[in-house]
Amino acid sequence: MTTPSTPGDSSLATSVYSLSAKSSTEAEQYNARAANWRFSTLCASVDTKDQYGASSTPIYQTATFKGMDGQYDYTRSGNPTRGGLENHLARLYGATQAFALSTGMTCLDTILRLVKPGETVLAGDDLYGGTNRLLTYLGTHGGVKVIHADTTRIEALRPHLQPGNKVRMVLLESPTNPLLKIADLEGISKEVKIAAPDALIVVDNTMMSPYLQRPLDMGSDIVYDSGTKYLSGHHDLMAGIIAVKRPDICKDIAFLINSVGSGLAPFDSFLLLRGVKTMSLRMDRQMATAHLVALYLDSLGFLVHYPGLKNHPKRDIHYKQATGAGAVLSFVTDDKALSERIVGGTRLWGISVSFGAVNSLISMPCLMSHASISAAVRAERGLPENLIRLCVGIEDPRDLMDDLEHSLLSAGAIVPNLAHSPLSDSRSSELYTSNPEAWILERAKGFKRPSESSTIDSLISGVKKGLGFTSVERKTIEEDITVSAPGKVILFGEHAVVHGVTAIASSVNLRCFAVLSPRSDGKVALEIPNVGVEAEWEISKLPWGLLPVHSQTQRHIADKDLDPALLEAIEKLVHEHVELGKTGINSCIAYLYLYMVMAGAESEALAVTFTATANLPISAGLGSSAAYSTCVASSLLIAHSHIEKPSKDQDRVSESDTNVIDGWAFLSEKVLHGNPSGIDNAVSVRGGAVAFTRSVGGRKGGLDGLHGFSSIRLLLTNTLVPRDTKSLVAGVSAKRLAEPHVVDPILDAIQSISDEASSLLSGQIRVERKELIARLETLIRENHSHLVNLGVSHPSLETIVAATAAEPFGLATKLTGAGGGGCAVTLIPDDLPQSSLDALITTLEAQGFQPHLTAVGGPGLGIHAFTSVKEDKVRNHEEGEGMVIPKRATLRETNSEGLQQWSERIGNWVHT
């Protein structure tokens with residue numbers, strides 16, 4: 001290893017930590033010992049001698065330095081923290097000088113500035129997408145000729161190194177990203193130096209880091225790394241490192257960095273220096289696990305790219321120049337859709353670009369990190385569209401394998417091997433401890449690729465059939481079904497609507513979003529991240545024998561009543577998941593009930609996962625359960641082809657399909673609430689504002705749209721007090737039975753309020769906008785007073801009513817929904833100053849409430865339409881890494897604030 005020299009003209013790699021030797025003999029002895037330190041010791045041994053004896057390198061968070069003759073004057077030119085980092089890295093790389101820059105791509109940009117117009121850059125054909133993008137730009141805008149060749153074969157480079165060549169730079173990766181190809185760094189360096197003596201050999205060493213590979217010792221002139229990866233190890237900073245052997249190149253690089261100002265900031269330098277100290281420990285763990293993952297996939301018959309495998313074609317060359325195989329591997333499935341399901345189905349493996357961090361990542365390079373390379377070029381270079389890249393972290397290997405194996409199974413990439421007898425848990429644990437490789441190979445024997453079959457499998461299947469145990473080939477859906485439904489606010493008539501009084505309700509611009517996605521493991525699953533639901537069930541173990549007799553054929557129209565026996569059986573099954581909480585359990589029951597009844601028979605059951613989330617407050621009286629029910633009903637109806645999935649050219653969901661969806665959503669609401677009015681699901685399915693009258697006691701009900709008003713602003717304030725809609729509705733019914741002389745007049749008064757509101761909002765009574773608002777305010781106050789008399793208010797709701805009515809606001813507020821907590825709704829006049837609205841929101845937040853400004857009358861159910869080109873992913877901004885991820889995964893990871901943007905990125909929505 002080369003000891004870094006004292007920098008000359010540049011201060012960029014100068015350390016302030018110089019220490020005068022106490023005696024030459026003592027210094028010589030120390031240096032002799034230090035020269036034999038192993039790499040792990042070098043990583044942790046940072047010379048941090050400053051004037052105060054700090055044990056960690058200080059952060060010099062300053063732009064300028066005082067004085068005329070000091071070592072530093074301006075942080076762009078040099079900084080003690082960055083200098084300490086660069087001096088330390090120079091030792092690790094075996095470099096004369098090392099330079100810390102803002103990113104790895106900044107490093108490449110700086111290095112490529114050494115190439116002049118008319119000269120040639122000879123690069124590999126399997127490169128990181130960002131590298132390819134920058135080289136393409138250099139070739140089209142910089143007058144530089146860029147040639148891509150297979151750098152795994154030296155003979156492929158020779159045609160470009162003939163006499164008279166203008167090759168100024170040879171750019172190499174080994175292993176390459178993402179196919180893990182190996183280039184003979186020393187062999188290429190020798191060959192190039194003979195044919196093009198002035199050419200610079202540049203190696204992107206990010207996949208290895210200096211811990212595993214030091215190309216400067218093999219004839220390379222420049223090495224660069226993305227410090228974001230293994231050097232840092234935590235993905236909490238952006239950085240890049242250039243390491244150089246030749247002093248003349250050091251001067252050129254230093255000049256460019258100082259001129260452009262691309263040096264790493266002091267704080268980031270501190271973070272990177274801290275990360276480097278643990279690099280060897282992290283990478284040892286990562287490599288050990290990566291080797292197990294590679295063995296597992298390889299033994300199952302996947303084509304795995306990993307130089308640590310004995311069947312890697314360039315394994316011998318790799319281990320001639322590197323001391324380890326790294327922690328990145330890739331494999332192909334031969335099916336792009338299958339790969340997408342695998343990636344989308346993982347949980348512990350995060351879906352992301354990049355690698356080298358302590359957490360494990362999974363991606364599809366052609367859709368993500370390498371998406372900037374055109375499909376034609378990817379095909380030309382042999383980059384499979386179905387390739388999956390795994391970047392292994394430091395988690396427990398057993399947990400990582402559990403997660404990956406579960407995703408492989410649910411995606412249909414592997415199936416259980418019936419001919420294999422698995423080890424007991426205790427024996428498996430012992431084997432893992434004593435021989436991890438034997439453990440992973442034994443684990444892999446429990447599965448096989450679906451195309452594989454054996455005589456033993458056939459025999460076992462035949463025996464099961466003879467005993468009456470039939471193996472069912474589970475149906476699924478071809479692609480994701482994505483839907484969205486709004487919440488609602490009841491403006492007038494809640495509770496009374498259950499007893500036949502007209503209610504006025506409107507959709508709001510807060511919604512539930514859901515994706516129904518295929519799986520291939522004979523299970524049905526439900527994921528609702530914002531209520532902590534993540535559950536799955538074996539389809540064969542659902543209580544199919546309790547399905548109503550009339551459900552044994554294709555279902556189109558929902559039952560009017562629930563089947564008690566089936567519902568009880570599902571409740572018993574779901575209550576085994578006691579950790580889910582009440583809301584989660586109820587969500588599971590409603591989902592499974594619709595899932596089973598709509599299928600009508602086990603043979604028609606679909607292996608699917610339903611993923612739902614919302615920016616709609618849950619259990620707050622804003623129709624979150626109806627929005628959820630609408631999403632469940634519509635997605636399952638499409639999955640069973642009971643209704644058509646609309647095309648992008650379709651304006652609206654048909655009225656007949658809308659009615660079918662509403663019926664099933666109402667059935668789900670019955671599961672959730674017992675005796676719902678039907679107004680919540682009606683609004684969620686149809687959107688807009690409606691006057692709804694329930695059919696009670698033989699009296700005819702109805703649903704009328706209200707279209708005679710422009711948008712009205714409302715402030716929805718969540719008390720965060722949970723309430724039980726079913727109990728509150730039952731309480732009013734009991735009160736009416738006990739005191740009809742008290743309750744019936746209240747219901748009559750609420751009917752009068754709803755009639756007047758309906759006339760105002762439908763345009764039957766024409767008044768000026770200001771008078772409309774004033775009359776609605778009066779009705780809101782009256783309606784709330786009646787609800788208080790029915791006993792369904794709550795102290796938190798009364799606090800909101802008082803706060804909004806107080807000066808200087810003077811606004812009208814009422815509870816909405818079931819009451820007993822939940823939400824209050826405040827009418828916001830058109831002329832209310834923004835400053836007053838801001839002050840009101842601040843006041844409510846200070847009291848512990850959550851206000852949401854919204855408008856009434858938005859669209860109802862939305863269904864993501866078919867497109868002419870299959871597009872079932874979500875795209876990030878085009879200037880990013882080109883990330884494209886299956887919708888289920890992005891929905892699962894998107895927080896409530898980002899859901900609207902998620903919806904807009906998908907596009908192609910067709911509404912009712």
Between T842 (side chain only) and D838 (backbone N and O only), is there a donor and an acceptor less than 3.5 Å apart?
yes
Roughly how far apart are L776 CG and E756 CD, rounded to 0.5 Å?
8.5 Å
Between CD1 on residue I661 and OG1 on residue T912, distance to nearest 0.5 Å
7.5 Å
Do other residues, nucleotides or ligands put more than 12 heavy atoms under 6.0 Å from E768 CD?
no
Just so I know, are the side chains of F492 and I780 near enough to count as touching, which here means a heavy-atom distance under 4.5 Å?
yes
Search all heavy atoms of A627 against all heavy atoms of C512 and return the closest pair with its distance.
CB-CB, 3.7 Å
Qualifying residue for side chain to side chain contact (heavy atoms under 4.5 Å, CB included) with V501, from D755, I750, I753
I750
Report the C-alpha distance between T725 and R723 in whole Å, list the side-chain angles of each, state the deciding distance to 0.1 Å, and finish with yes or no for side-chain contact (heavy atoms from CB on, under 4.5 Å).
CA-CA 6 Å; T725 298; R723 81 282 186 279; 3.1 Å; yes
Would you call D480-R888 a salt bridge at under 4.0 Å N-O?
no
Any donor-acceptor pair under 3.5 Å linking the side chain of R892 with the backbone of G344?
yes
Return the minimal non-hydrogen interatomic distance between A665 and V685, and the atom names on each side.
CB-CG2, 4.3 Å
Between L787 and I746, does the side-chain contact (heavy atoms from CB on, under 4.5 Å) criterion hold? Intermediate values first, please.
CA-CA 9 Å; L787 291 169; I746 294 176; over 6 Å; no
Do we see a donor-acceptor contact under 3.5 Å between the side chains of T854 and H852?
no
Give a yes-or-no answer on whether the side chains of S793 and E798 include a donor-acceptor pair shorter than 3.5 Å.
yes
Hey, does the side chain of T778 reach the backbone of A774 with a donor-acceptor pair shorter than 3.5 angstrom?
yes
Of the non-hydrogen atoms in V910 and A865, which two are nearest, and what is the gap between them?
CG2-CB, 3.8 Å
Is it the case that the side chains of S654 and R652 hold a donor-acceptor pair, with the cut-off being a distance below 3.5 Å and no angle test?
no
Are side-chain heavy atoms of V825 and L815 found at a separation under 4.5 Å?
no
Can you check whether F267 reaches I59 side chain to side chain, under 4.5 Å on heavy atoms?
yes
Considering residues, nucleotides and ligands other than E845, do more than 12 of their heavy atoms fall under 6.0 Å from its CD?
yes
Are H673 and S625 linked by a side-chain donor-acceptor pair shorter than 3.5 Å?
yes
Residues K770 and D830 bridged, charged N to O under 4.0 Å
no
Evaluate side-chain contact (heavy atoms from CB on, under 4.5 Å) for N675 paired with V498, printing each intermediate quantity in order.
CA-CA 8 Å; N675 184 30; V498 177; 3.8 Å; yes
May I have all residue pairs that pass salt bridge (charged side-chain N to carboxylate O under 4.0 Å, His left out) and include part of residues 777-797, sequence neighbours excluded?
none
How far apart are the closest heavy atoms of S758 and S762, and which atoms are they?
O-OG, 2.7 Å
Could you check if a side-chain atom of I828 sits within less than 4.5 angstrom of a side-chain atom of T826, using non-hydrogen atoms only?
yes
List in chain and number order the residues that pass ring pair (Phe, Tyr, Trp, His ring centres under 6.0 Å) with F692, two or more places apart in sequence or in another chain; answer none if no residue qualifies.
none
Is it the case that the side chain of S754 and the backbone of T502 share a donor-acceptor pair, with hydrogens and angles ignored and the cut-off at 3.5 Å?
yes
Side-chain donor/acceptor of R511 to backbone N/O of S484, under 3.5 Å
yes
Quick one: pull up OG in S752 and CG in D748 and give me the separation to the nearest 0.5 Å.
7.0 Å
Does atom CD of E644 have more than 12 heavy-atom neighbours, drawn from other residues, nucleotides or ligands, at distances under 6.0 Å?
no
Criterion side-chain contact (heavy atoms from CB on, under 4.5 Å) on L747 and R736, from CA distance to verdict
CA-CA 10 Å; L747 297 180; R736 188 186 186 196; 3.8 Å; yes
Between T719 and G822 (side chain of the first, backbone of the second, donor and acceptor by atom type, cut-off under 3.5 Å), is there such a pair?
yes
How far does CG of L716 sit from CD of Q850, to the nearest 0.5 angstrom?
12.0 Å
So how far is it from K887 NZ to T482 OG1, rounded to the nearest 0.5 Å?
3.5 Å
Donor-acceptor check, side chain of S684 to backbone of D680, threshold 3.5 angstrom: yes or no?
no
What closest approach, in Å, do S587 and L672 show between heavy atoms, and which atom pair accounts for it?
N-CD2, 4.3 Å
Is H794 reaching over with its side chain to a backbone N or O of S796, donor-acceptor style, under 3.5 angstrom?
yes
L637 side chain reached by D657 side chain, heavy atoms, under 4.5 Å:
no
Distance (rounded to the nearest 0.5 Å) between Y628 OH and F610 CZ:
6.0 Å
What I want to check is whether the side chains of E527 and T609 have a donor and an acceptor closer together than 3.5 Å.
no
Closest approach of T630 to N681 (non-hydrogen atoms, all atoms of both residues):
OG1-O, 4.3 Å
Donor-acceptor pair between R686 and N659 side chains, under 3.5 angstrom
yes
So do K726 and L728 actually touch side chain to side chain, heavy atoms under 4.5 Å?
no
May I ask you to test the I585-K582 pair for a side-chain heavy-atom distance under 4.5 Å?
no
Would a distance-only check, ignoring hydrogens and angles, find a side-chain to backbone donor-acceptor pair under 3.5 Å from T843 to A839?
yes
Under a 4.5 Å cut-off applied to non-hydrogen side-chain atoms, are V732 and H499 in contact?
yes
Would you tell me whether T103 and T106 have side-chain atoms, one donor and one acceptor, within less than 3.5 Å of each other?
yes
Could you check whether any side-chain N or O of S507 sits under 3.5 Å from a backbone N or O of G860, counting only pairs where one atom can act as donor and the other as acceptor?
no
